[in-house]
> 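My questions all concern the structure below.
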Amino acid sequence: MPDPRQSPAQPPAPQGEDNPFAAPPEGRPDQPWEPRRVTDPGKGGGPEGPGNDPDQQRGRWDPTDPVQRRARYALLSGMWAFFFTLFGIPAMGLLLGSLALYWGISSLRAKPSPGTPAAEGPIRPQTTAAVSGLLTAVLALLLTAGTYAMQLVYKDFYVCRDDALTKSAELKCNDLLPDPLRDLIGVKK
């Protein structure tokens, strides 16, 4: 009884076709590996395929381009600046936000170097990353400025709260805040 897991016998391939998975015929010398050559451009995968079309290379992300690298740095440092500021480390948010602002602006102002695919067309692949980095940097810097402004304006409250030795002394510091802010940043009972 034949084994059902085995495929039925395949007819031999015609002599004109070359099966890349078949063993080489006996007596044939070993040949070094070479990529396949595709003659039909509709199938892709070869030098004439759609992946190597020069019109499609415009706007492609190039990690070796310093302009695009600065845009990527702007995006990453802007996001981290926002997170650090949001989670209570405004000094790090200020540093990363300033760097993101610098990298984003310099990336948007830079002219593409000649010879890169981005220099040939109007598409600039770093624009989205640079603008996103700028927006998150500005948001982080606004939050940082608000944090420092609150600490500067209500310095008496923060000094009183930090110097208080008892809970009742901390509660007394709430008198230094305006009524609307007592529930927001004041000492809770």
> Would Val67 and Tyr73 show up in the same hydrophobic cluster when neighbours are defined by side-chain heavy atoms closer than 4.5 Å?
no
> For Phe84, what residues pass the ring-ring contact (aromatic ring centres under 6.0 Å, His included) criterion, not counting sequence neighbours?
Trp80
> Measuring from atom CG of Asp156 to atom CZ of Arg161, what distance do you get when rounded to the nearest 0.5 angstrom?
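Spacing of CG (Asp156) from CZ (Arg161) equals 13.0 Å.
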> Are Val131 and Leu142 linked, directly or through intermediate hydrophobic residues, by side-chain heavy-atom contacts shorter than 4.5 Å (ILVMFWY only)?
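Both belong to a single hydrophobic cluster.
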> Distance from Gln126 atom CD to Arg72 atom CZ, nearest 0.5 Å?
11.0 Å
> Kindly give the heavy-atom pair with the smallest separation between Ala100 and Ser77, and that separation in Å.
CB-OG, 3.1 Å
> Treating Thr85 as the side-chain partner and Pro90 as the backbone partner, does any N or O pair qualify as donor plus acceptor under 3.5 Å?
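Between the backbone of Pro90 and the side chain of Thr85 there is no qualifying donor-acceptor contact (under 3.5 Å).
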> Looking at Phe83, I'd like to know if its CZ atom is crowded, meaning that more than 12 non-hydrogen atoms belonging to other residues, nucleotides or ligands lie closer than 6.0 Å.
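No.
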> Quick one: pull up CG in Leu177 and CG in Asp183 and give me the separation to the nearest 0.5 Å.
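Those atoms lie 10.5 Å apart.
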> Rounded to the nearest 0.5 Å, what's the gap from CG on Leu181 to CG on Leu176? Could you check?
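Reported value, rounded in 0.5 Å steps: 12.5 Å.
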> Tell me the closest heavy-atom pair linking Leu139 and Phe82, and the distance in Å.
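Minimum heavy-atom separation between Leu139 and Phe82: CD2-CE1, 3.4 Å.
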> Of all heavy-atom pairs between Ser107 and Ala71, which one has the smallest distance, and what is that distance?
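Scanning both residues completely, I find the closest heavy atoms to be OG-CB, 3.2 Å.
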> Dump the intermediate steps for side-chain contact (heavy atoms from CB on, under 4.5 Å) on Leu152 and Tyr148, then the final yes or no.
CA-CA 6 Å; Leu152 185 65; Tyr148 283 135; over 6 Å; no
> For Tyr102, does its backbone N or O pair with a side-chain atom of Ser106 as donor and acceptor, under 3.5 Å?
yes
> Within the structure provided, determine whether Val187 and Lys167 are in side-chain contact (heavy-atom separation under 4.5 Å).
yes
> What heavy-atom pair brings Phe157 and Cys173 nearest, and what distance separates the two atoms?
CD1-O, 3.4 Å
> In Å and rounded to the nearest 0.5 Å, what is the CD1 to CG distance from Ile105 to Leu101?
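Answer for the CD1-CG pair, Ile105 versus Leu101, is 4.5 Å.
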> Please give me the minimum heavy-atom distance between Ala169 and Leu165, naming the atom from each residue.
CB-N, 4.4 Å
> Among all residues two or more places apart in sequence or in another chain, which pass the ring-ring contact (aromatic ring centres under 6.0 Å, His included) test with Tyr154?
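For Tyr154 there are no ring-ring contact (aromatic ring centres under 6.0 Å, His included) partners, ignoring immediate neighbours.
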> Can you measure from CG (Asn174) to CD1 (Ile185) and round to the nearest 0.5 angstrom?
9.0 Å
> Quick one: closest heavy-atom pair of Ala137 and Gly97, and the distance?
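The pair with the smallest heavy-atom distance is CB-O, 3.5 Å.
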> Just wondering, more than 12 heavy atoms not from Lys188 lying within 6.0 Å of its NZ?
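More than 12 within 6.0 Å, yes.
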> When hydrophobic residues are tied together by side-chain contacts of less than 4.5 Å, even through go-betweens, does Leu94 share a cluster with Leu75?
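No, because Leu94 and Leu75 fall into different hydrophobic clusters, even though each may have its own neighbours under 4.5 Å.
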> Between Lys155 (side chain) and Met150 (backbone), is there a donor-acceptor pair under 3.5 Å?
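Looks like no, no N/O pair under 3.5 Å.
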> Give a yes or no on whether Leu141 and Leu135 share a hydrophobic cluster (residues Ile, Leu, Val, Met, Phe, Trp, Tyr; joining criterion: side-chain heavy atoms under 4.5 Å apart).
yes
> Return the set of residues passing salt bridge (Lys or Arg N to Asp or Glu O under 4.0 Å) with Arg182 (not counting sequence neighbours), or none when no residue passes.
Asp179
